[in-house]
Chemist: 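First the structure, then my questions, so here it is.
Labels below follow one simple rule: chain letters A, B, ... track the order of the sequence lines, proteins then strands, and each chain is numbered from 1. Worth knowing before you read on, the calculation uses all heavy atoms, side chains too, and leaves out hydrogens, waters and symmetry mates. This one's a predicted model, so the numbers in the text were calculated from it and none came from an experiment.
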There are 2 protein chains.
Amino acid sequence: MGMTSSVDTVAELAGVSVSTVSRALRNVPGISEETRKRVQRIARELGYVPSIAGSRLATGKTRTVAIVTPSLSKWFFGQVLAAAGSVMREAGYDVLLYELADEATRGRFFDGPALPGRADGVLILALQPTPAELEALTEQGLPLAVLGSEQPGVPCVRVEDRDAGRSAVRHLLNLGHERIAFIGIEQAAGNTLGGVPPAQRLLGYRDALSEAALDHRPEYEVFEENTTAGGSSAMARLLCAEIPPTAVFVASDEMAFGVLGTLRGAGISVPGDMSVVGFDNHELSGLLDLTTMDHSVTRQGAEAARLLVSALQASETSETTLMVPATLVVRGSTAPPRPLRTRTYSPTKTHNHLTETA
Amino acid sequence: MGMTSSVDTVAELAGVSVSTVSRALRNVPGISEETRKRVQRIARELGYVPSIAGSRLATGKTRTVAIVTPSLSKWFFGQVLAAAGSVMREAGYDVLLYELADEATRGRFFDGPALPGRADGVLILALQPTPAELEALTEQGLPLAVLGSEQPGVPCVRVEDRDAGRSAVRHLLNLGHERIAFIGIEQAAGNTLGGVPPAQRLLGYRDALSEAALDHRPEYEVFEENTTAGGSSAMARLLCAEIPPTAVFVASDEMAFGVLGTLRGAGISVPGDMSVVGFDNHELSGLLDLTTMDHSVTRQGAEAARLLVSALQASETSETTLMVPATLVVRGSTAPPRPLRTRTYSPTKTHNHLTETA
DNA sequence: GTTCCTATCGCAAGCGCTTGCGAAACCCCT
DNA sequence: AGGGGTTTCGCAAGCGCTTGCGATAGGAAC
């Protein structure tokens, strides 16, 4: 059973021309229903499967999309990719995967004219492509869709980061916290492994603070790479503040896990001595009882994929921007601050003046 | 800047024939070094990039491999895929991703003659393909490599599951435990989401027990799907045993996380009242202080990919089987059992007879 | 019984690249 | 100087499919 050549065999067996076979098999009009059935049956019996290489050459279409992502080993991207891939497959597209872990491969991808001929479109996940990079792709005539950042002229889906940040911090404020810190994602130099820092979350944090007429303390805003280790050391830095916070809003759950680790190691009880709210609603957040912002990651991936397929079909740039909201998931890592200053950990117990309101 | 047709343009500009261009650009012998340089320069100036569709048609080679995996959203597969993908890309192959989440798509993949024409080879990750499925692929002339199971006639890499299981349980035995349970992975019906149950781990567990001349208690072997929820409920079931274990070996870290959750919820201290050892050395295991078996997941992925590229180049089936060992990573979730029967949790405190040795 | 239209199908020209084979051209020897 | 061996390159035949256009046949309309 080898590649019994092709159309010709079917054509011969069916007693028709190759063009008829081609049309019959692709349900193209111009063929009588009767011969269509016959050809299809014969093709099936022969186990004939059209060579995509041939059809690609002839049509220029590949029925394939490229999905590019900064990392596969992180939970978030895995989720998004799974959802997006599933939608694409359902729409009849193969997915070509490009992991752009470091700047080098990233450059190679956008500069090198890799795509045309391989894929009909590109789905960009949380990479925050530069305008130049986007142009490089569109110049090649590739429809695209972007997840995780907003780009003019490109259909994209992203989460209401600012609103979400505000909501998270308001929750802490409503619990009575006044000393609230923010742990953000720092763009690691030379790689895009952690994805792109969603800067808006910081703004939401500041929004909420100023709504509450609270001071903006620079020492309460720390940034680390988007890993548990990063969260861990960020929390450690916060603990060194002259007046440590009583609550912290962390820009990703993975970092929040690190935060919890540091706190446990330091003997600081959560939520007794420190409230923590994360961002992502990571698979394991429930287990760790972490209050967090859910932004339906898989739905985002699916929507982005849908945007791309409609762009592929419409062939006219749509530029829809889909904003997905985030909702607070309250778990056990947040609670009102201790009523009195009975903090029990070591550094210094001398935070005996409250934050003065502006 | 559109697809300025192709070889012909370059050929014309360079004043040579298309065949010369083709040969020059691919470093095929039979061309003087001088004209080669010239053609290459001109091609570069023109920004010419050969159409893969054309070359695929002509050569039959796609420079693409398919990677098939049961799931993307699980940590393990993300790791493996990332490592494998990176190796493949480095070897000059594009990677086509197939997530076979449920039986339906799985069947469609193996039955449907999707691959030939799309990919030159297939990398199968932890899917435990049936012999029939494998044959379907090899029949299409596709070299393959398998990760996570051993298949006759196919190059594969897998971990020494049995040894690893034995090691894990020995560790518990050496600590003095005698009532050791096993939580295994149950193949969920209708989907392969959790990958394939590594049955050998159970055997390793039994090996160690019989080495220590300990009873084999059927009620100490429970199986659930490979998720935290699964681990969680498995542990709950164990807690209902007439004589609950003092230690448990869990076949995956994700399940172990669930186990830890259940124990915490039940107020059972780890490792005081219950020792837990997992399997995978998951990213978050360190944070949760989980003793576990490390089996260098990314290395496995990379090795499997390497096996595939060499199969692709050699074109003669190699059938190497690469066994990777697992090593114990001792953390805080294991300790000697409490000297006396001072277990403190509720169900019943009536386990006043020790396990009788055989 | 003409005429004209429509539905059905075959012809053949690509799509862009690769490669076996033959033609030049050139070099080295004797 | 002529012959044999190399090297370098062009010709042209594909690879397997798609598709515009023309051909044929069967009916409908008059």
Side-chain angles (χ1 to χ4, degrees), chain A residues 2-40 42-43 46-64 113-120 140-141, chain B residues 2-40 42-43 46-64 113-120 140-141:
Chain A
M3 297 287 74
T4 54
S5 261
S6 42
V7 224
D8 327 74
T9 14
V10 183
E12 196 170 349
L13 264 284
V16 296
S17 75
V18 288
S19 27
T20 302
V21 174
S22 172
R23 288 192 255 256
L25 260 31
R26 286 173 312 131
N27 292 320
V28 172
I31 295 286
S32 77
E33 204 49 35
E34 178 203 337
T35 57
R36 184 186 304 282
K37 291 291 180 208
R38 184 160 46 89
V39 170
Q40 291 184 341
I42 299 209
L46 251 58
Y48 163 72
V49 29
S51 141
I52 15 285
S55 93
R56 281 183 186 179
L57 221 211
T59 62
K61 257 55 194 83
T62 66
R63 303 295 303 172
T64 299
L115 274 321
R118 293 174 206 271
D120 296 341
Q140 301 176 341
Chain B
M3 299 285 75
T4 54
S5 261
S6 44
V7 226
D8 325 73
T9 13
V10 183
E12 196 170 348
L13 263 284
V16 296
S17 75
V18 288
S19 28
T20 303
V21 174
S22 173
R23 288 191 255 256
L25 260 30
R26 286 174 310 131
N27 293 319
V28 172
I31 295 287
S32 77
E33 203 48 37
E34 179 203 335
T35 57
R36 183 186 304 281
K37 291 293 179 207
R38 184 160 48 87
V39 170
Q40 290 184 341
I42 299 208
L46 251 57
Y48 164 71
V49 28
S51 137
I52 13 281
S55 93
R56 282 184 186 177
L57 221 211
T59 62
K61 256 59 195 77
T62 65
R63 303 293 304 171
T64 299
L115 273 323
R118 292 173 207 271
D120 296 341
Q140 301 176 339

Chemist: Quick one: is C/dC9 close enough that its OP1 or OP2 comes under 4.0 Å of any side-chain N or O from A/T35?
Modeler: yes

Chemist: Distance check, rounded to the nearest 0.5 Å: B/R36 atom CZ versus B/N27 atom CG?
Modeler: 5.0 Å

Chemist: Let me know the distance between CG of A/D8 and C1' of D/dC17, rounded to the nearest Å.
Modeler: 9 Å

Chemist: How many whole angstroms separate atom CD of A/E33 from atom C1' of C/dA7?
Modeler: 13 Å

Chemist: Can you measure A/R63 atom CZ to D/dC17 atom C1' for me and round it to whole angstrom units?
Modeler: 16 Å

Chemist: Would you check if B/I42 and B/Y48 make a side-chain contact, meaning some heavy-atom pair closer than 4.5 Å?
Modeler: no

Chemist: So among A/V18, A/L13, A/V21, which one has a side-chain contact (heavy atoms from CB on, under 4.5 Å) with A/D8?
Modeler: A/V18

Chemist: Does the side chain of A/I52 come within less than 4.5 Å of A/R63's, by heavy atoms?
Modeler: no

Chemist: Enumerate the residues from residues 19-27 of chain A whose closest heavy atom to DNA chain C is under 4.0 Å, giving them by residue number; use none for an empty result.
Modeler: A/S19, A/T20, A/R23

Chemist: Think A/S32 has a side-chain N or O under 4.0 angstrom from the OP1 or OP2 of C/dC9?
Modeler: yes

Chemist: Under a 3.5 Å cutoff, is there a donor and acceptor pairing between the side chains of B/S19 and B/S22?
Modeler: no

Chemist: Between CG of A/L25 and CD1 of A/I31, what distance do you get to the nearest 0.5 Å?
Modeler: 10.5 Å

Chemist: Figure out the CZ/P separation between B/R36 and D/dT7, and round it to whole Å.
Modeler: 14 Å

Chemist: Go nucleotide by nucleotide along DNA chain D from the 5' end; which of B/G54 and B/I31 gets its closest nucleotide reached first?
Modeler: B/I31

Chemist: What's B/V16 touching, base or sugar-phosphate or nothing? Going by heavy atoms closer than 4.0 Å.
Modeler: sugar-phosphate

Chemist: Using whole Å, report how far CD of A/E12 lies from P of C/dG10.
Modeler: 13 Å

Chemist: I want to check one thing: is the phosphate of C/dG16, taken as OP1 and OP2, less than 4.0 Å away from some side-chain N or O of B/S51?
Modeler: no

Chemist: Give the rounded distance in Å between these two atoms: CD1 of B/I52 and P of C/dT18.
Modeler: 10 Å

Chemist: Side chains of B/R118 and A/T64: do they bring a donor and an acceptor to under 3.5 Å?
Modeler: no

Chemist: Rounding to a whole Å, what distance do you find between A/R56:CZ and C/dC17:P?
Modeler: 16 Å

Chemist: In whole angstroms, how far is the C1' atom of C/dC15 from the CG atom of A/L57?
Modeler: 5 Å

